[in-house]
Amino acid sequence: RGAIRFDNVHFAYDSERQILKGVSFEVPAGKTVAVVGPSGAGKSTLSRLLYRFYDVQSGSITIDGQDVRNVTQKSLRAVIGMVPQDTVLFNDTIAYNIRYGRIGASEAEVEKAADIAQIGGFIRALPQGFSAMVGERGLKLSGGEKQRVAIARTILKSPPILILDEATSALDTATEQDIQAALDVVSQNRTTLVIAHRLSTVINADEIIVLRAGEIAERGTHAQLLAQN
Ligand code: ADP
Ligand code: ADP
């Protein structure tokens, strides 16, 4: 479940400029579709519309055939997991930050998610900043570790739909590959919308959509797009 369909989506933040100009594509249930393209093309706007931070002005976005405009943002958050470019942590323990994915989760479930994301060693630690206030030695998390917290949160939440919005683009190359491997595991069998800058980071996507200035310029598998260019 969790099939997503963008159908002739038009969107503008203001009357000045149309951002999306009739975008149509599907993410079949359990598949991964990547949207790539230059900065400002409208890629993140697609994820904001799916999440209903904004609503489309014409056309529609559906999940399993249901228009997202008929779904509350709360319900959408229950089925969509998001790993953003730069995860902002709450001023609380790493365990708390992971549990945020599913508040009712048991201690054992939180620990298991942390282990899978390879941050099992320090879930009692506090992110640096808050720790100073309570007089404990805080832990300064690297960008990769923060993304692992977001990944553990997503593992715990286990949503049918996943949005990876530039989830590795703030990381150095070695860390990027490491986190990418973890994300590949999490996105398996989930309907996944990946937003990325570069084609080279989305080799395994079932389909790649190239968005330019709010329109689909090209689409195909990684191999097909390479052959065309
Ligand atoms: P991308 O993810 O491809 O870099 P975005 O979807 O973030 O592009 O943004 C597309 C365009 O919309 C950009 O030109 C951006 O400046 C503009 N934009 C984004 N958010 C807003 C907003 N809240 N109000 C007005 N313009 C916005
Ligand atoms: P931008 O590209 O403009 O920095 P993002 O696309 O990362 O913004 O996020 C758009 C908005 O959604 C921001 O206001 C951000 O704080 C919020 N946001 C991002 N991820 C989540 C999330 N998982 N849950 C709730 N809000 C989120």
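Keep in mind that this is a model prediction, so the values were computed, not measured. Just follow the structure's listing: the first ligand is 1, and inside any ligand the first atom is 1.
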Subset of ligand 1 atoms that lie under 4.0 Å from at least one heavy atom of [X]:
{"X": "Y54", "result": "23 (N)"}
{"X": "S39", "result": "4 (O)"}
{"X": "R48", "result": "7 (O), 19 (C), 20 (N)"}
{"X": "P38", "result": "3 (O)"}

Min heavy-atom dist [X] to ligand 1 below 4.0 Å:
{"X": "R17", "value": "yes"}
{"X": "G214", "value": "no"}
{"X": "G42", "value": "yes"}

Could you see which bit of T45 sits under 4.0 Å from ligand 1, with heavy atoms only: side chain, backbone, both or neither?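 The answer is both.
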
Under a single-linkage definition using a 4.5 Å side-chain heavy-atom cutoff for Ile, Leu, Val, Met, Phe, Trp and Tyr, are I163 and V71 assigned to the same hydrophobic cluster?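 They do share one cluster, since a chain of ILVMFWY contacts under 4.5 Å joins I163 to V71.
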
Using a 3.5 Å distance criterion without hydrogens, assess whether the side chain of [X] forms a donor-acceptor pair with backbone atoms of [Y].
{"X": "R5", "Y": "T62", "result": "no"}
{"X": "K31", "Y": "E207", "result": "no"}
{"X": "K146", "Y": "L141", "result": "no"}

In this structure, which one of I208, L211, V194 forms a side chain to side chain contact (heavy atoms under 4.5 Å, CB included) with V36?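 Considering I208, L211, V194, a side chain to side chain contact (heavy atoms under 4.5 Å, CB included) with V36 is found only for I208.
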
So, are R124 and E111 salt-bridged, with charged N and O less than 4.0 Å apart?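 Salt bridge present between R124 and E111.
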
